[in-house]
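What you see below is based on every heavy atom in this structure, not just the backbone, and it leaves out hydrogens, waters and symmetry mates.
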Amino acid sequence: MPTDSCRKVLVAYFSISGNTEKVAQAIADNTGGTLFRIERLKPYPDEFRKYADEAKTELDDSIYPALKTKVDSIGKYDVIFVGCPVWWHTTPRVINTFLEKEGYNFSNKVVVPFCTYANMFPHETLLEIVNKTPDAVHPDGFISEDGDTTGVYQWLKTINLNKKQ
């Protein structure tokens with residue numbers, strides 16, 4: 001594994017409301033990482049109730065929605081942050097597609113989960129990301145309520161992934 005200063009970092013995230021995107025940006029700013037937005041090929045509706053219903057159907061029916069783009073050369077990254085909002089007490093199914101169906105190899109990578117939530121159970125979401133990448137190393141994840149980035153700097157420092165020491 002490369003030393004901290006030589007690590008290549010990817011910050012992959014899915015965001016609807018912008019909360020997870022704010023946290024992803026803060027992580028990228030503090031690690032020098034490359035941002036990658038995970039997007040469903042067919043965008044979710046703009047209205048909350050409609051996209052919540054679609055998300056629930058995807059979860060209940062174990063659907064892996066197609067993604068709009070793939071990461072070019074994921075093998076060049078040593079550290080991969082994976083972030084999303086908490087939907088129905090777990091990861092949105094687009095995260096499952098990203099982690100399980102895109103053909104990425106997470107073996108010997110550092111995979112760091114992060115999530116945003118409003119009123120759900122965030123720890124289950126972090127655990128889901130860890131469970132989907134069993135051959136990776138998993139530092140402690142980060143949980144943000146409503147996209148609050150307070151604490152990102154200190155958390156990254158704690159897990160030795162902050163370039164701005």
Step by step, work out the side chain to side chain contact (heavy atoms under 4.5 Å, CB included) result for V71 and L10.
CA-CA 9 Å; V71 175; L10 177 70; 4.0 Å; yes
Closest non-hydrogen atoms of P113 and V130, given as atom of the first, atom of the second and distance, are CG-CG2, 4.0 Å
Do T116 and D146 touch side chain to side chain, with heavy atoms closer than 4.5 Å?
no
Start with the C-alpha distance between D78 and V9, add both sets of side-chain angles, then the distance that settles side chain to side chain contact (heavy atoms under 4.5 Å, CB included), and finish with yes or no.
CA-CA 6 Å; D78 307 299; V9 176; over 6 Å; no
Side chain proximity check, F14 to P85, heavy atoms < 4.5 angstrom:
yes
Sole candidate of Y44, F48, Y117 that passes ring-ring contact (aromatic ring centres under 6.0 Å, His included) when paired with W87:
Y44
Side chains of C115 and L126: closer than 4.5 Å at any heavy-atom pair?
yes
Name all pairs fulfilling the salt bridge (charged side-chain N to carboxylate O under 4.0 Å, His left out) condition that reach into residues 84-108, sequence neighbours left out, sorted by first residue then second.
E100-K132
Looking at residues at least two apart in the chain, or sitting in another chain, which of them share a side chain to side chain donor-acceptor pair (under 3.5 Å) with K22?
none
If Ile, Leu, Val, Met, Phe, Trp and Tyr residues are connected whenever their side-chain heavy atoms lie under 4.5 Å apart, and connections chain through other members, are I38 and I63 in the same group?
no
Across all chains, not counting sequence neighbours, the side chain to side chain donor-acceptor pair (under 3.5 Å) partners of D148 are T150
Quick check: closest heavy atoms across G83 and T20, and the distance to 0.1 Å?
C-CG2, 3.8 Å
Is any NZ, NE, NH1 or NH2 atom of the basic residue among E54 and R40 found under 4.0 Å from an Asp or Glu carboxylate oxygen of the other?
yes
Might you confirm whether atom CG of D46 has over 12 heavy atoms from other residues, nucleotides or ligands at distances under 6.0 Å?
no
So, does K109 use its side chain to make a donor-acceptor pair with the main chain of G75 at under 3.5 Å?
yes
Trace of the side-chain hydrogen bond (donor to acceptor under 3.5 Å, both in side chains) decision for T91 with N96
CA-CA 7 Å; T91 57; N96 296 62; 2.9 Å; yes
V86 backbone acceptor or donor facing T90 side chain under 3.5 Å:
no
Taking the inter-plane angle between the rings of F98 and F106 on a 0 to 90° scale, is it parallel (under 30°), tilted (30 to 60°) or perpendicular (over 60°)?
tilted
